[in-house]
Amino acid sequence: MRTEYQFREIEKAWQGFWETNKTFQAQVNPAKPKYYVLDMFPYPSGAGLHVGHPLGYIASDIMARYKRLQGYEVLHPMGFDSFGLPAEQYAIQTGQHPAITTEQNITRYIEQLKNMGFSFDWSREVRTSDASYYKWTQWIFMQLFNSWYNQESDKAESIETLKAILGAKGSIGLKAVCDEDVHRISASEWNAMSADEQYAYLLSFRLAYLDDSVVNWCPQLGTVLANDEVKDGVSERGGYPVEQKKMRQWSMRITAYADRLLRGLEEVDWADSLKEQQRNWIGKSVGTDVEFAIENVSDKKIKVFTTRVDTIYGVSFMVLAPEHEWVEELTTPAQKEAVEEYVNWAKTRSELDRVSEVKTVSGVFTGTYVINPVNQERVPLFLADYVLAGYGTGAVMGVPSGDQRDWNFAKHFDLPIPAILDAQKDIDIQADNTKEGKYINSGMINGMGYKQATETLVSWLEEQGIGKGKVQYRMRNAVFSRQRYWGEPVPVYFKPAANGEYLPYLIEESELPLELPKIDKYLPTETGEPPLGRAAAEWKYQGQYDYEWSTMPGWAGSSWYWYRYMDALNEGEFASKEAINYWKAVDLYIGGSEHATGHLLYSRFWNKFLKDLGYVPEEEFAKKLINQGMIQGRSNFVYRLKDAAKVTFVTHGLKDQYEVAALHVDVNIVENDVLDIEAFKKSRNDVPADAEFIFEDGKYVCGWEVEKMSKSKFNVVNPDDLIAKYGADTLRVYEMFLGPLEQFKPWNTNSISGSHNFLRKVWRLFFDDQANTSKVVDTPATPEELKVLHTAIRKVQDDLDRFSFNTVVSTLMICVNDLGALKCSKKSVLRELVILLSPYAPHIAEELWVALGEEAGSISSAKFPAFNATFLEENDFNYPISFNGKVKLTLAFPVTATPAEIEAAVLANDQVSKHLEGKTPSKVIVVPKRIVNIVLGK
RNA sequence: GCUUGGGUGGUGGAACUGGUAGACACGCGGGACUUAAAAUCCCGUGAGCCGUAACGCUCGUGUGGGUUCGAUUCCCAUCCCAAGUACCA
């Protein structure tokens, strides 16, 4: 028996024990209630696990262990989201295959995770980049490709049911989610189509479909960049210009599920703020589509969506997105030059720049006029980059009196600002978006109120066939193609139709997985095709057809992984029916709030889709969600000159004298903000050996900022050193003690010794360090000791049930301090204390469990202590006595005393009358077992 | 810009439903033990004021208002910080 707290040995020994005895292996066990605790799985970055990762994992592990103590069958798995950009970046720099990098990183992650003593069931580990896993990601893609969304049944259905409908009734009046511009046909038109034509027609309905999307294109790198890789309008890698470009991309019709994604929020136990964020992201708005005719153009009309059709008489201009496909056609010769200049300028602006800059107005007149359908007025047509092509119809009507941005635009271009409501105020100073009052200057709706005006206009527009009430979502369909190597291949090949057009076809299900081909370099081809195009010569379907060369996005593999954990080794299905029906859905999901609108929406979307097809039972995949706050890091920066012929970096102190771009630099090659130049050159291949550095005081000083700790910011802090110094139990306790799980906080190691001391204090309740002997005695506990213990039992349970992990630590500290003061070493008390501690500090708990002489085996199969309220009963309550809300003294009264008795006793009290200073209280408020407040008049 | 959070001692934080603000830790100061150090233990620690001391007083939860017997907590306004913003994951 170890009588000293030697955490290194203890932790190693118990980690070995758990692994050998498969202590945490979960199984389908209908005899027990189940509990599924899931962590958002990590991307295995080259920097290893940082101190921010374990925060959520510790919390989920505590819940997993707590639920085991309560008798649940607990599924608590871990895996890796192992496709992604950093491994590909590394491959580009070094030529090493991303699979090798990924494998190495995962090995390191597993080692680190095991060091933390997590109770994961490692037999269920998944990796999204394993062919045995992405086989099923590809399989789900195939189901999406083979499905359409039937708005009648409000669910996804097989494309076969659509074919049947088209054959019988055609698509006129068909309620389906499909491409905006799909041509409506009759059944006979459908039946007259060739097989190829029918196939091409169906592409407009599939949930996975091809569409033009705008991307960040970097001509010099020949590749598409993530917004993350673009800084200040140039590529982060190399500093080259980036422009907005349309490309043919795979997309997913997530908008088909917009309404169900909204409704589903009502049935999940997620933070209200997060639900609100998702609601706003989905952005349901009810409004009207209106078509404006174009002067001198007969074959086209511009469609706009507006939520305020009642303001249509106030339209004084119309704006198209600069990348709208009709821009060239609708520009008059006189305006051609100005328009081209504006369009080229807009290409250099990122979407974020465009929508976030509201103070400056930019735009250009096309020379063309459109006709307002309600009053036949000529309205000038402008281009402006605050309108986005990908959102809505790419056109908006400008109503300056009711919308501030339109108002600014009208002022800037000297356009009229007609008043439309008699309640509008000061519209020569600013816009007034009121819905109050009666309409003026508004033709058919003059004198009406908001509701009646809207109804009148919508029905008039519908009668005329130039408008329609419509529900629109801010959320856009999800772009699914990535021009990258390290992702799932899309299981599609292209075959020419009779008209020469290439159509996408799925490969056979039996041919899954479609594995990534080997390529010579992880870069785009010389003609700008995605990296997989490099394999094109040999990598062909049936030896003749080109495969899809783009790969799937990072979110594909992470949108269904919780099902794979249920049955990770299954080769015939993504998971067996038996496993899915037992585990059903995730009971507790813990991960970063930065996933609020990305991963969590995509996952909900795929889950609903799988449910529609009958593969899974639950509409929502995660019943309870907790977002752990990010542990923030301290990043370092170097400053690269923007317009230097030679690659040059300037030190932080002198950077203001130059045009610079700030680039993150790995904090591990920076000491006290001073950069290690040699290491820096080696770390990046875009820094040539002869790169120049402008120093201050003979050194290169980096800038710094507190921001998110993440691989992409090169500011990762590693937990290994802390474990070596204090042990995993200390780190676990400390990370929980830092503050509320949900709260954002910068990492600070300073007070970790307090958590370590706490564990040592626990140890000293059991052992006498000096005498090397056990102190545990088998005598009955005193009422005082039981009160201390049961106070802790109640609070630990209450706090864990509301996921307040930090206050549990305080509670345990108080309990241990109190027991120490009572010199309590009673076995019956310590036994329960150790169980309370075990979810937080499992290694020391196992060791002390043995020291108590408990039977061989793990404390994880013990039972959580039962709280007994009788030990806490008190006869008196100490009432704070306050005067006008300020507490001056306390008085004890029996808990059974009535408010009237207390009031009388208080007023009769000597000390109280001293504070009254002869005044008569106007009122006395007694809140039983809380407070007494004596109100004195002024 | 928009969406969602956050702001309490020197520091991390506690105060769960409007009821004694600062629990529990860190740090700091003082002391005990020790030849010394480590470890451990004890005392003090929001700011200011009065006083030899005890007793006590005033202020105090980003800022300014409001509601209430009573506000860190609810409402309005405002400032600052963070995250997300659709190809980082």
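Sequence lines set the chain letters: A, B, ... in the order given, protein chains first and strands last, and positions in each chain run from 1. Reckoned from all heavy atoms, side chains included, excluding hydrogens, waters and symmetry mates. None of these values were measured; they are calculated from a predicted model.
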Subject >> Nearest listed nucleotide, side chain of A/N280, among B/rU3, B/rA23, B/rG19 >> reply: B/rU3

**OP:** Compute the centroid of each ring, for A/Y589 and then for A/W562, and state whether the two points are separated by less than 6.0 Å.
**Re:** no

**OP:** For A/L85, answer base if it contacts any base atom (sugar-phosphate contacts may also be present), sugar-phosphate if it contacts only those atoms, and nothing otherwise; contact means non-hydrogen atoms under 4.0 Å.
**Re:** sugar-phosphate

**OP:** Go through B/rU20, B/rG5, B/rA86 for me and flag the one nearest to the A/P880 side chain.
**Re:** B/rU20

Original post:
How far, in whole Å, is B/rC74 from B/rG19 if one measures between their C1' atoms?
Top reply: 15 Å

Subject >> Check: A/E88 side chain, A/Y485 main-chain N or O, donor-acceptor pair, under 3.5 Å >> reply: yes

**OP:** Could you check whether A/V215 gets within reach of a base, just the sugar-phosphate, or nothing at all, counting any heavy atom under 4.0 Å?
**Re:** base

Original post:
B/rG62 and B/rG9: how far apart are their C1' atoms, nearest whole angstrom?
Top reply: 15 Å

Subject >> C1'-based separation of B/rG60 from B/rU20 [nearest Å] >> reply: 15 Å

**OP:** Starting from P on B/rA25, measure out to CG on A/L759 and report it in whole angstrom.
**Re:** 13 Å

Original post:
Expressed in whole Å, how much space separates the C1' atoms belonging to B/rU45 and B/rG22?
Top reply: 12 Å

Subject >> Inter-nucleotide C1' distance (B/rG65, B/rG56), Å rounded >> reply: 32 Å

Subject >> Distance, P atom - from B/rA89 to B/rG84, rounded to whole angstrom >> reply: 14 Å

Original post:
So what does A/W555 touch, heavy atoms closer than 4.0 Å: a base, only the sugar-phosphate, or nothing?
Top reply: nothing

Subject >> Residue pair A/N477, A/S251: steps toward the side chain to side chain donor-acceptor pair (under 3.5 Å) verdict >> reply: CA-CA 7 Å; A/N477 280 328; A/S251 285; over 6 Å; no

Original post:
Do any side-chain nitrogens or oxygens of A/R279 fall under 4.0 Å of OP1 or OP2 in B/rU4?
Top reply: no

Original post:
Could you state the CD-P distance from A/E243 to B/rC87, rounded to the nearest angstrom?
Top reply: 18 Å

**OP:** Answer with base, sugar-phosphate or nothing: what part of the nucleic acid does A/S481 contact at a heavy-atom distance below 4.0 Å?
**Re:** base

Subject >> Test: A/R349 and A/D385 ion pair at under 4.0 Å >> reply: yes

**OP:** Please give the nucleotide sitting opposite B/rG70 as a Watson-Crick or G-U wobble pair, both distances under 3.5 Å, or none.
**Re:** none

**OP:** Would you mind reading off the distance between A/W270 atom CH2 and B/rU4 atom P, rounded to a whole angstrom?
**Re:** 17 Å

Original post:
Does OP1 or OP2 of B/rC26 have a side-chain N or O of A/N757 closer than 4.0 Å?
Top reply: yes

**OP:** Please confirm whether any donor atom in the side chain of A/Q277 sits under 3.5 Å from an acceptor in the base of B/rC2, or the reverse.
**Re:** no

Original post:
A/L738 CG to B/rA25 C1': how many Å, rounded?
Top reply: 11 Å

**OP:** Write down the partner of B/rU20 under the Watson-Crick or G-U wobble criteria, each distance required to be under 3.5 Å.
**Re:** none

Subject >> A/N817 side-chain N/O to B/rA25 phosphate OP1/OP2 under 4.0 Å >> reply: yes

Subject >> Base-pairing assignment for B/rA47 (Watson-Crick or G-U wobble, both under 3.5 Å) >> reply: B/rU58

Subject >> Euclidean distance for P, B/rG66 against B/rG30 (whole angstrom) >> reply: 46 Å

Original post:
Taking the side chain of A/R802 as its heavy atoms from C-beta onward, which of B/rA15, B/rG19, B/rC87 lies nearest to it?
Top reply: B/rA15

**OP:** Could you tell me which nucleotide pairs with B/rU40 by Watson-Crick or G-U wobble geometry, both distances under 3.5 Å, or answer none if nothing does?
**Re:** B/rA32

Original post:
Are A/W606 and A/Y602 near enough that their ring centres are under 6.0 Å apart?
Top reply: no

**OP:** Kindly say if A/Q743 contacts the phosphate of B/rG5, meaning a side-chain N or O under 4.0 Å from OP1 or OP2.
**Re:** no

**OP:** Grab the CE-P distance between A/M475 and B/rU3 for me, whole Å please.
**Re:** 18 Å

Subject >> Pairwise P distance, B/rA36 and B/rG48 [rounded to whole Å] >> reply: 36 Å

Original post:
Taking the side chain of A/V224 as its heavy atoms from C-beta onward, which of B/rC24, B/rA86, B/rC87 lies nearest to it?
Top reply: B/rC87

Original post:
How would you label the contact of A/Q278 with the nucleic acid (heavy atoms, under 4.0 Å): base, sugar-phosphate, or nothing?
Top reply: nothing

Subject >> Touch class at under 4.0 angstrom, heavy-atom based, for A/H599 against every strand present >> reply: nothing

Original post:
Of A/D272 and A/S804, whose closest RNA chain B nucleotide lies nearer the 5' terminus?
Top reply: A/D272

Subject >> Parallel, tilted or perpendicular, as decided by the 30° and 60° cut-offs, for the rings of A/F877 and A/Y879 >> reply: perpendicular

Subject >> Nucleotide paired to B/rG5 in any strand shown, Watson-Crick or G-U, under 3.5 Å >> reply: B/rC81

**OP:** Would you mind telling me which of B/rU40, B/rC87, B/rA89 lies closest to the side-chain atoms of A/R484?
**Re:** B/rC87

Original post:
Rounded to the Å, how far apart are A/Y726 OH and B/rA25 P?
Top reply: 17 Å

**OP:** Pull up the glycosidic torsion of B/rG84 and say syn or anti, syn being anything within 90° of 0.
**Re:** anti

Original post:
Between A/K888 and B/rC57, does any side-chain N or O lie under 4.0 Å from OP1 or OP2?
Top reply: yes

**OP:** Check every atom of B/rC41, B/rA23, B/rA14 against the side chain of A/N806 and return the nucleotide holding the closest atom.
**Re:** B/rA14

Original post:
How close or far is atom C1' of B/rC16 from atom CG of A/L800, stated in whole angstroms?
Top reply: 14 Å

Original post:
Among B/rG13, B/rU3, B/rA82, which is the nearest nucleotide to the side chain of A/P740?
Top reply: B/rG13

Original post:
Of the nucleotides B/rC16, B/rA82, B/rC41, which has the atom closest to the A/K795 side chain?
Top reply: B/rC16

Original post:
A/R349 has an atom CZ; how far is it from atom P of B/rU85, in whole Å?
Top reply: 19 Å

Original post:
What orientation do A/H595 and A/H599 show, parallel under 30°, tilted 30 to 60°, or perpendicular over 60°?
Top reply: perpendicular

**OP:** Carefully, step by step, assess A/C815 and A/L833 under the rule side-chain contact (heavy atoms from CB on, under 4.5 Å).
**Re:** CA-CA 8 Å; A/C815 180; A/L833 171 68; 3.9 Å; yes

Subject >> Selection from B/rA39, B/rC69, B/rA14 that lies nearest to any side-chain heavy atom of A/K923 >> reply: B/rC69

Original post:
Is A/N933 near enough to B/rG19 that one of its side-chain N or O atoms lies under 4.0 angstrom from OP1 or OP2?
Top reply: no

Subject >> Reference residue A/Y133; test ring-ring contact (aromatic ring centres under 6.0 Å, His included); the match among A/F83, A/W560, A/F41, A/F80 >> reply: A/W560

Original post:
Looking at B/rG27, B/rA82, B/rA86, which one has an atom nearest to any side-chain atom of A/F744?
Top reply: B/rA82

